[in-house]
2 protein chains.
Amino acid sequence: MEEENRKKRILVPEPALRRMPSYLAYIKLARKDGMKYVSSTHIARDMGVDPTQVTKDLSYTSIVGKTRVGYEVEPLIDELENFLGFRIMDEAYLFGAGSLGMALLHDHGLKQFGLKVVAAFDVNPEIVGKNFGGVPVYHVDDFLQFKEKGIQIGILTVPVEKAQEVAHWMVKGGIRAIWNFTPVRIKVEEDVIVQNTSLYAPLAVMFNRLHSKE
Amino acid sequence: MEEENRKKRILVPEPALRRMPSYLAYIKLARKDGMKYVSSTHIARDMGVDPTQVTKDLSYTSIVGKTRVGYEVEPLIDELENFLGFRIMDEAYLFGAGSLGMALLHDHGLKQFGLKVVAAFDVNPEIVGKNFGGVPVYHVDDFLQFKEKGIQIGILTVPVEKAQEVAHWMVKGGIRAIWNFTPVRIKVEEDVIVQNTSLYAPLAVMFNRLHSKE
DNA sequence: TTTCAATAAGGAATTAATTCTTTAATGGCG
DNA sequence: CGCCATTAAAGAATTAATTCCTTATTGAAA
Ligand SMILES: NC(=O)c1ccc[n+]([C@@H]2O[C@H](COP(=O)([O-])OP(=O)(O)OC[C@H]3O[C@@H](n4cnc5c(N)ncnc54)[C@H](O)[C@@H]3O)[C@@H](O)[C@H]2O)c1
Ligand SMILES: NC(=O)c1ccc[n+]([C@@H]2O[C@H](COP(=O)([O-])OP(=O)(O)OC[C@H]3O[C@@H](n4cnc5c(N)ncnc54)[C@H](O)[C@@H]3O)[C@@H](O)[C@H]2O)c1
């Protein structure tokens, strides 16, 4: 029983987690409009989703709503940001400081969501040794020396044909969670977390839906 | 019966569609390595997914595999690209030519996936009237004049507080599919396709999984 | 030639996610 | 004060997605 609990802990469903930032964004807009309470009904109506889904999603957090009025805006924002991990600043390494990697390096938004890139790794001699927005770029071969720093998150923005190899290297150097921007899915040890962010995957869905309308 | 068919046509599951580009990327790598055949077993092993899922996903296309050897690489790439709509060039308008919008405007990758941005719309007088990489920027107020062009796809990269309003405007001007990059979900007519691409949503999942490991 | 291991593919079973239903609470209105 | 409409929340029912199971096929090895 206990073993089961440890292995198959009840996780928050991934679809719910992925929707939560959209609630957060909505509620922040509501705050800007001076609203004190928001209800799942209103959230749902404005976002075009099912109201019980909003309720259920929010119930995974420790937020409790008030019957007849909904959720109090300020505490809801606090709780959501905490729950989603946007309030604790996690440090991360970036692998592959090319056009996408550089964009992320300069992206102010990341910090707002609790992620701070503290170093980048690349192979290109033109950028290794330099600094970009205060973030130093090292040669990827030297990465293992950074293992003791204990940083757990790695952003993968290398060319697709290097993705698997670099992912392996990342794990070897202590990375436990990989934010993968390459179009391929990488194979890593089972306990390493991978989140794929394929920019173009939504296009496949969009085209399919659009074209299947005749 | 027929009515039911029209309304609730059997669609390819969205999760399957979202995975397909990753198969495509993988198979292109295989081709580069000179492989003539790939099997779902190998794809699955290398990508760390279930082999029957690969088979089932590919079965939504018209591809047929060969027992004992797998799928022929060249036809599989052709069929996948066609099926995903990456071979037909769709034209699109971009709304909000800010930092993200500009990046997409200059993104060479888009064309590779069958999307061509032919015009952008903004309100900023500093960029309205100018050209960026051959793409003219018009004032968003003038958008309705473009309706007759019949372009169906719109990319939404305006500030979050303008998202709903601009989305409405897009639909009014004939847009039938919105690629939404803002963190909020927008509400539009039921027959308008929306694909949300929230860059930071995967972070929520990653943090949750990482932190729930104690 | 025969056997065997690897495979696709269809359908069944299972699991996950969403939507529906019911209940209880309560603020606002008459 | 008493009703009513609105809401959260828990659990049931439904639907969607994934994984498992079975079958038939076939290239390669013995
Ligand atoms: N550019 C985009 O808009 C975009 C969008 C979506 C996805 N992607 C994906 O992101 C990845 C990177 O794209 P990009 O456009 O930035 O490519 P890029 O070529 O501009 O950048 C890749 C970087 O990785 C570095 N690199 C190569 N081998 C390396 C190694 N072994 N270790 C560390 N670094 C290494 C290169 O030196 C380069 O700086 C690709 O897989 C691409 O498919 C890019
Ligand atoms: N920059 C990023 O890396 C990033 C990443 C993920 C998501 N986003 C989201 O994408 C959106 C845009 O981000 P950004 O960083 O490019 O912002 P930005 O402020 O740089 O750009 C927004 C652009 O929209 C224009 N605009 C404003 N009102 C408009 C209107 N009514 N019609 C047309 N255009 C209008 C502005 O003039 C500006 O050019 C935001 O919602 C943001 O949350 C941005």
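We name chains A, B, ... by the order of the sequence lines, and we start the count at 1 in each one.
Side chains of Lys36(B) and Val69(B) form no contact here, defined as non-hydrogen atoms less than 4.5 Å apart. The closest side-chain heavy-atom distance from Ile175(A) to Phe146(A) is not below 4.5 Å.
Here the rule is side-chain hydrogen bond (donor to acceptor under 3.5 Å, both in side chains) with Asn180(A), and of Asn196(A), Thr197(A), Thr157(A) only Asn196(A) fits it.
Taking the six-membered ring for Trp, Tyr200(A) and Phe86(B) have ring centres at least 6.0 Å apart.
Separating the NZ atom of Lys56(B) from the C1' atom of dA16(D) is a distance of 12 Å, rounded to the nearest angstrom. The CD-C1' distance, from Glu14(A) to dT15(C), rounds to 16 Å in whole Å. Separating the CG atom of Asp57(A) from the P atom of dA9(D) is a distance of 13 Å, rounded to the nearest angstrom. In this structure, Leu58(A) atom CG and dT7(D) atom P are separated by 14 Å, rounded to whole Å. Met47(A) has its CE atom 13 Å from the P atom of dT18(C), to the nearest Å. Rounded to an integer number of Å, the gap from CD1 of Ile43(B) to P of dA9(C) is 12 Å. The CD atom of Gln53(A) sits 14 Å away from the P atom of dA8(D) (whole-angstrom rounding). Between Met20(B) atom CE and dA17(D) atom P there is a gap of 12 Å when expressed in whole angstrom units.
The phosphate of dT18(D) (OP1 or OP2) has a side-chain N or O of Arg19(B) nearer than 4.0 angstrom. At the phosphate of dA8(C), OP1 or OP2 sits under 4.0 Å from a side-chain N or O atom of Ser40(B). Residue His42(B) places at least one side-chain N or O closer than 4.0 Å to OP1 or OP2 of dT7(C). Phosphate contact (OP1/OP2 of dA6(C), side-chain N/O of Tyr37(B), threshold under 4.0 Å): absent. For Thr41(B), a side-chain nitrogen or oxygen approaches OP1 or OP2 of dT7(C) to under 4.0 Å. Contact annotation: Arg45(A) side-chain N/O to dT7(D) OP1/OP2 distance is not under 4.0 Å.
Annotation for His106(B): atom NE2 counts as buried by contact number, over 12 foreign heavy atoms lying within 6.0 Å.
Remark: the Lys66(B) side chain and the dT26(D) base include no donor-acceptor N/O pair separated by less than 3.5 Å.
Taking the side chain of Pro15(B) as heavy atoms from C-beta on, and the options dT19(D), dT18(D), dA8(D), the nearest nucleotide is dT18(D). Out of dT6(D), dT18(D), dT26(D), the shortest distance to the side chain of Arg68(A) is found at dT6(D). Residue Thr67(A) places its side chain closer to dA25(C) than to any other of dT19(D), dA25(C), dA24(D). Proximity note for Pro13(B) (side chain, C-beta onward) versus dC20(C), dA17(D), dA9(C): the nearest is dA17(D).
Among the atoms of the strands shown, base atoms are found under 4.0 Å from some heavy atom of Thr55(B). Counting any heavy atom pair closer than 4.0 Å across all strands shown, Ser39(A) reaches sugar-phosphate atoms only and no base atom.
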Practice prompt. Verify side-chain contact (heavy atoms from CB on, under 4.5 Å) between Lys172(B) and Phe143(B), making sure each step is shown before the conclusion.
Written response: CA-CA 9 Å; Lys172(B) 204 168 180 185; Phe143(B) 170 57; over 6 Å; no
